[in-house]
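What's counted below: heavy atoms across the whole structure, side chains too, no hydrogens, waters or symmetry copies. Quick caveat: nothing in here was measured; it's all calculated off a predicted structure.
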2 protein chains.
Amino acid sequence: MNKPSFEEGLLQYVEELKDESEMTEKQKSILRASIKLFAEKGFHASSTAEIAKEAGVAEGTIFRHYKSKKDILLAVVAPVLVKFAAPFILKDIREIFKEQAEKPFKEVTTELFRNRLNLVLQNEKTIRILLQEAFFHDEIREALIATVFKDAKEMVYKLIEAKMDAGELRRLPSQAVFRAVLHSMIGLVMFRQVLDPDEFAEYSDEEQIAYTVDILMNGIGSRE
Amino acid sequence: MNKPSFEEGLLQYVEELKDESEMTEKQKSILRASIKLFAEKGFHASSTAEIAKEAGVAEGTIFRHYKSKKDILLAVVAPVLVKFAAPFILKDIREIFKEQAEKPFKEVTTELFRNRLNLVLQNEKTIRILLQEAFFHDEIREALIATVFKDAKEMVYKLIEAKMDAGELRRLPSQAVFRAVLHSMIGLVMFRQVLDPDEFAEYSDEEQIAYTVDILMNGIGSRE
DNA sequence: CAATAAAATGAGTGATTACTCACTATTATA
DNA sequence: TATAATAGTGAGTAATCACTCATTTTATTG
């Protein structure tokens with residue numbers, strides 16, 4: 001059915017994405033306040049009155065810059081998708097996968113994980129909002145899948161298969177391998193706060209990445 | 001600070017948990033309607049008017065049984081925690097880990113994954129709500145961590161360390177191993193709909209579990 | 001500096017919100 | 001069958017919602 005809700009819905013925001021430099025102070029303030037509130041209490045629980053107050057702005061000013069409350073959400077979320085998708089898929093991934101394709105899969109994966117972890121750490125709040133709202137807004141969910149997964153998946157599949165042919169990876173269904181890589185990455189990146197705070201401190205991010213990749217490559221079982 | 005928000009907050013709902021049998025038809029209907037709506041559009045986006053309509057009940061009836069809208073949420077979420085936590089940790093896990101502790105780690109894990117996958121499949125909507133709201137409600141998040149993770153973690157840690165001593169698992173930090181198991185499980189269970197629908201069909205749940213466990217144990221790298 | 005445009009304002013809008021309450025209908029108990 | 005308790009109702013309530021618009025403030029330009 002009405003397929004391109006991404007194209008029609010979010011993509012325009014991505015294209016119309018303003019530089020921060022061409023926003024007024026007030027507009028930037030509205031975005032900042034929205035990110036804060038959406039991340040703290042969610043989109044629906046944050047009222048435009050609150051946003052205005054937090055931003056130090058009249059409520060009407062919000063609607064001068066964004067024609068609806070949902071527009072604010074999309075304006076908040078779009079840049080993250082761009083950072084997640086465009087640089088990742090079109091630059092980072094292409095670079096990582098094409099330029100580094102000769103390197104061992106382990107190194108490629110380490111670089112990938114490091115890249116993603118940094119991105120998430122730098123955009124914690126907006127990513128929280130993004131994931132949060134992806135549950136309910138079709139546009140966002142589809143955009144997320146379209147940008148983050150769809151293109152990336154093909155590349156990863158190709159790399160996986162190439163590395164299988166080269167004997168570097170075991171012969172397993174590509175899908176199973178892809179999912180394993182994906183789950184390791186998401187787990188590494190998303191479930192940091194599940195454990196006790198003192199357990200975090202025990203290992204640095206680099207160590208966490210190293211262990212994650214090591215286990216992904218070699219498993220947890222011994223090889224007696 | 002005011003620590004036991006779980007005890008004070010959710011636990012009472014768990015204890016006061018009514019049998020379905022001692023609910024009226026209307027009350028059950030309210031719960032069913034709430035689950036449906038909360039899962040579809042989220043807690044905040046679902047109005048009590050909608051719930052009443054969906055449930056075929058006067059709006060006042062809702063507030064006869066639940067003193068606030070949030071109470072409905074807790075009533076929806078509590079049973080899942082009980083099913084997830086108590087039986088899981090206290091029964092399933094104890095059984096799996098104590099009775100089956102002699103079995104290879106691989107088999108224990110397979111059993112665990114199978115158990116969790118079924119639970120999620122059977123409670124898809126409520127688990128969606130649970131995770132969703134855990135983002136924002138401290139009580140729910142803390143309850144989730146307290147019930148699902150905290151106790152389970154210790155048991156898993158002990159098993160992991162025992163299996164390391166027995167030479168069945170590699171010598172790695174327990175934390176890294178625990179996280180790997182956790183990520184595999186969550187990934188297996190939560191990210192089924194990320195892939196194309198036709199890719200699901202390709203492998204059965206049992207096969208997915210088998211590959212997940214295999215990769216967890218042996219990794220994706222070859223052992224030339 | 002005057003004229004024009006853009007940005008910002010906040011009181012006001014009708015719709016909707018969670019929730020109350022006086023009341024009726026049903027069921028359980030004595 | 002009378003009494004009491006529980007279940008159910010829906011109109012009503014104040015508060016809040018996203019959003020509008022006539023007006024004022026600030027910035028830009030000729």
Touch class at under 4.0 angstrom, heavy-atom based, for B:S46 against every strand present: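 Here B:S46 touches the backbone only, sparing every base.
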Residue whose nearest DNA chain C nucleotide is more 5′ - A:E25 or B:E59: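 Taking each residue's closest nucleotide, the earlier one in sequence belongs to A:E25.
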Examine [N]: is either OP1 or OP2 under 4.0 Å from a nitrogen or oxygen in the side chain of [X]? Give yes or no.
X	N	result
B:K26	D:dT9	yes
A:S47	D:dT16	no
B:T61	D:dA7	no
B:T24	D:dG8	yes
B:H65	D:dG8	yes
B:K69	C:dA18	yes

Geometric class of the B:H137/B:F43 ring pair [parallel <30°, tilted 30-60°, perpendicular >60°]: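 Rings of B:F43 and B:H137: perpendicular, over 60°.
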Smallest separation among heavy atoms of B:E40 and A:F136, with atom names: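 Scanning both residues completely, I find the closest heavy atoms to be O-CD2, 3.4 Å.
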Minimum-distance nucleotide (side-chain atoms of B:S68 versus C:dC19, D:dC19, C:dT17):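 Nearest listed nucleotide: C:dC19.
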Which nucleotide in D:dT20, C:dA18, D:dA7 has an atom nearest any side-chain atom of B:R64: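 Selected nucleotide (nearest to the side chain): D:dA7.
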How many whole angstroms separate atom [atom1] of [X] from atom [atom2] of [N]?
X	N	atom1	atom2	value
A:F63	C:dT13	CZ	P	17 Å
B:E50	C:dT17	CD	P	6 Å
A:K53	C:dG10	NZ	P	14 Å

Which residue lies more 5' along DNA chain D, comparing A:T48 with B:I62 via nearest heavy atoms: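 Counting from the 5' end, the first nearest nucleotide belongs to B:I62.
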Residue mapping more 5' on DNA chain D - nearest nucleotide basis, A:F43 or B:G60: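 The residue closer to the strand's 5' end, by nearest nucleotide, is B:G60.
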Backbone of A:S46 reached by a side-chain donor or acceptor of A:K69 within 3.5 Å: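 Yes: the side chain of A:K69 pairs with the backbone of A:S46.
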Main-chain N/O of B:G187 paired to A:R179 side chain as donor or acceptor, under 3.5 Å: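 Indeed, once roles are kept as given, a pair shorter than 3.5 Å links the two residues.
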Test log, rule side-chain contact (heavy atoms from CB on, under 4.5 Å), inputs A:T109 and A:T212: CA-CA 10 Å; A:T109 316; A:T212 306; over 6 Å; no
